[in-house]
Amino acid sequence: MKVAVSASGKDLDAPIDPRFGRCAYFILVETEDMSFEVFDNENIALGGGAGIQSAQFVASKGAKAVITGNCGPNAVRTLNAAGTEIIVGQSGTVREAIERYKKGLLDTTSEANVTDHYGSSGSAPDTGAYGGANMGVGRGGMGGGMGMGGGRGMGMGRGMGMGMGGGRGMGMGRGIGMGGGRGVGMGGQGMASDEELSFLRNQTQELRREIEALESKIKSLEKK
């Protein structure tokens, strides 16, 4: 029986990649003799539909089960339609996961354990590290900004935007700069230190609230 495992390396001792649709490699293991094939995941850089494409790929290779860390709803629906068993929440090496599967220690599921677009290029990496100028968690990104207008008066141009776009992201804008309008504008050199400090404190509080909300959501999902 062939089992597909999302992997971060090219052999049975490679760690399981927690992402399904955008994992680095797929290792298809024949459970009877532990022979295996390795495939590069060509869907890793797709802007959308990676889960569906990856699910269709492993099904086309004859996989009767999939072992991974996380699997989104689109991939789950595709695998269910193909009659492929789904096993999520796994870690360790590919070999260890296959051994657990052969011993009947793994439970299958028909439901996703992460949201759409998990692991996409616009979302935060698993490590929570910063990527370029954005600090994102999921999809979206902070849109709009909190600027006080462009035109005449105090404008913060394209300052640090804090509006949640799409409900799932927290991207940082392009710095803090004051617009150069007329009136009580503060010139093009940035905010006065006191105002900048107050602004940054407010943004920090907003980010903490968003992080707490995300952590609460994660805990509620882990209990299911």
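Heavy-atom minimum distance, Glu96 versus Gly92: OE1-CA, 3.5 Å. Closest of all the heavy-atom pairs between Arg100 and Ser91 is NH2-O, 3.1 Å.
Taking the side-chain contact (heavy atoms from CB on, under 4.5 Å) definition, one finds that Glu85 meets it with Met1, Ala65, Tyr101, Thr108, sequence neighbours left out. Residues satisfying the side-chain contact (heavy atoms from CB on, under 4.5 Å) test with Ala24, not counting sequence neighbours, are Asp17. Applying the side chain to side chain donor-acceptor pair (under 3.5 Å) criterion to Asp13, with sequence neighbours excluded, gives Arg95. When the side-chain contact (heavy atoms from CB on, under 4.5 Å) test is applied to Ile218, the partners found at least two apart in sequence or on another chain are Glu222.
Within the model, atoms CD1 of Ile67 and CD1 of Ile87 stand 4.5 Å from one another, a figure rounded to the nearest 0.5 Å. Remark: Asn74 CG to Ser54 OG distance equals 11.5 Å, nearest 0.5 Å. Atom CG of Leu28 and atom NZ of Lys61 lie 8.5 Å apart (nearest 0.5 Å). Taking NZ from Lys2 and CD1 from Ile27, the interatomic distance works out to 14.0 Å, rounded to the nearest 0.5 Å. Taking OG1 from Thr84 and CD from Gln56, the interatomic distance works out to 11.0 Å, rounded to the nearest 0.5 Å. Rounding to the nearest 0.5 Å gives a distance of 12.0 Å between CD of Glu111 and SG of Cys71.
Put simply, the side chain of Lys102 gets close to the backbone of Thr31: a donor and an acceptor are under 3.5 Å apart. Counting only distance, with no hydrogens or angles, the side chain of Ser6 and the backbone of Phe20 share no donor-acceptor pair below 3.5 Å. Listed for the Asn41 side chain is no donor-acceptor partner under 3.5 Å among the backbone atoms of Ala7. In this structure a side-chain-to-backbone donor-acceptor pair under 3.5 Å is missing from Asn43 to Gly51.
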Compile the donor-acceptor pairs under 3.5 Å between side chains in residues 32-39 and protein atoms, sequence neighbours left out, one pair per line.
{"residue": "Asp33", "atom": "OD1", "partner": "Ser35", "partner atom": "N", "Å": "3.0"}
{"residue": "Asp33", "atom": "OD1", "partner": "Ser35", "partner atom": "OG", "Å": "2.8"}

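Within the 4.5 Å cutoff, the side chain of Leu79 has heavy atoms near those of the Val66 side chain. Two residues are said to be in side-chain contact when any heavy atoms from C-beta on lie closer than 4.5 Å; Lys10 and Asp40 meet this criterion.
Criterion: ILVMFWY side-chain heavy atoms under 4.5 Å apart, direct or through other members. Under it, Tyr25 and Leu12 are part of a common hydrophobic cluster. Tracing side-chain contacts under 4.5 Å through hydrophobic residues (I, L, V, M, F, W, Y), one never reaches Val29 starting from Phe57; they form parts of separate clusters. By the rule that hydrophobic residues join a cluster once side-chain heavy atoms approach within less than 4.5 Å of another member, Val88 and Phe26 end up as members of one cluster. Under the 4.5 Å side-chain heavy-atom criterion for ILVMFWY residues, no single connected hydrophobic cluster contains both Leu106 and Ile86.
Grouped by direct or indirect side-chain proximity (heavy atoms under 4.5 Å, Ile/Leu/Val/Met/Phe/Trp/Tyr only), Ile52 sits alone.
A donor and an acceptor atom, one from each side chain of Ser110 and Asn80, are nowhere located under 3.5 Å apart.
Within a 6.0 Å sphere centred on CD of Glu30, other residues, nucleotides and ligands contribute more than 12 heavy atoms.
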